[in-house]
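Right, one structure below, let's go through it.
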Amino acid sequence: MKVLYFAWLKEKTGIGEEDISLPENVTDIEGLIGFLKNRGGGFEKAFSDTSLVRVALNMEHVQVSAAIKDSDEIAFFPPVTGG
Amino acid sequence: MIQVQAEDFDIGQELKKISSGNDGIGGVCSFIGLVRDFSGQQGEDKKISSMTLEHYPGMTEKQLAKIEDAARQRWELSEVTIIHRIGRLAPGDQIVLVMVAAVHRNAAFDGASFIMDFLKTQAPFWKKEETGSGVKWVEEKSSDVGSAQRWEKK
């Protein structure tokens, strides 16, 4: 699974993109956030307040309850501020 | 036409691209967003020295295309041009262009406004401001969310 981080989530985690194997017990984005947070350090900081985090699944905005599979592309970022 | 680019744009040229040889167009409405020289944040020095725009390549184009499609379903639009700049910009720089051509003016006005409102809330761009007090990611404005929501009521 490809996981991407943008804006301050990229700064806090220290990476823009990574490939991970989805753990068996993780079936939705909320579960993935928990898994990433468990790594500690910058990941724990990045996801310390998930009300500030938005998620895209295969380039579409979704809620954290969205189901995921190993072939998906997930992106984490703050609320958008373009224009 | 949807374009994400570091380079500046020229609205005269963009107007020519969509209007030349297209005599069915009755009017064109353009919105040009500029980089302001002040930040909305609380702090001692709010003067912006530069702004850097990051985006999610692929998703940006996908979301902008969806917004254009939604506008075209709602109004009869002849041409739509959306250009958004990325990278480092200075106060006064052009940042975004939404240009909508239609047979009738109301479709052009409403279409441009609709596209801009959803661009603000759906297109994955992020602004980082540099002021005298440091560097800060710009936060979401609730007024922008409200602007997009007003189209749902109609």
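Throughout, protein chains are lettered first and strands after them, A, B, ... in sequence-line order, and every chain is numbered starting at 1. Just the heavy atoms: all of them, side chains too, but no hydrogens, waters or symmetry mates, feed the values below.
- Within residues 91-105 of chain B, the residues having any heavy atom closer than 4.5 Å to a heavy atom of chain A are Ile95(B), Val96(B), listed by residue number.
- Val28(B) and Trp75(B) fall into different hydrophobic clusters, where Ile, Leu, Val, Met, Phe, Trp and Tyr are joined by side-chain heavy atoms under 4.5 Å apart, directly or via other members.
- Considering all non-hydrogen atoms of both residues, Thr81(A) and Val138(B) come closest at CG2-O, 3.3 Å.
- Interface remark: Leu52(A) contributes no atoms to any contact with chain B (heavy atom separation under 4.5 Å).
- Within 6.0 Å of CZ in Phe109(B) there are 12 or fewer heavy atoms belonging to other residues, nucleotides or ligands.
- No more than 12 heavy-atom neighbours from other residues, nucleotides or ligands sit within 6.0 angstrom of CD on Glu76(B).
- Residues Val4(B) and Phe9(B) are members of separate hydrophobic clusters, defined by side-chain heavy-atom contacts under 4.5 angstrom among Ile, Leu, Val, Met, Phe, Trp and Tyr.
- Cluster membership check: Trp137(B) shares its hydrophobic cluster with Ile15(A), using side-chain heavy-atom separations under 4.5 Å among Ile, Leu, Val, Met, Phe, Trp and Tyr.
- Heavy atoms closer than 4.5 Å to chain B are found in both the backbone and the side chain of Glu60(A).
- Residues Ile68(A) and Phe47(A) share a hydrophobic cluster, clusters being chains of Ile/Leu/Val/Met/Phe/Trp/Tyr side chains in contact below 4.5 Å.
- By a heavy-atom distance cut of under 4.5 Å, Leu119(B), Lys120(B), Thr121(B), Gln122(B), Ala123(B), Pro124(B), Phe125(B), Trp126(B), Lys127(B) are the residues of residues 117-127 of chain B near chain A, going up by number.
- Within a 6.0 Å sphere centred on CD of Glu18(A), other residues, nucleotides and ligands contribute more than 12 heavy atoms.
- Leu15(B) and Met116(B) fall into different hydrophobic clusters, where Ile, Leu, Val, Met, Phe, Trp and Tyr are joined by side-chain heavy atoms under 4.5 Å apart, directly or via other members.
- Remark: Lys45(A) NZ is loosely packed, at most 12 non-hydrogen atoms of other residues, nucleotides or ligands lying under 6.0 Å away.
- Under the 3.5 Å distance criterion, the side-chain polar atoms of Gln63(B) are matched with a main-chain donor or acceptor of Met59(A).
- Here the side chains of Met59(B) and Glu73(A) are not in contact, with every heavy-atom distance at 4.5 Å or above.
- Neither the backbone nor the side chain of Lys141(B) comes within less than 4.5 Å of any heavy atom in chain A.
- Between Phe6(A) and His55(B), the closest heavy-atom pair is CE2-O, 3.4 Å.
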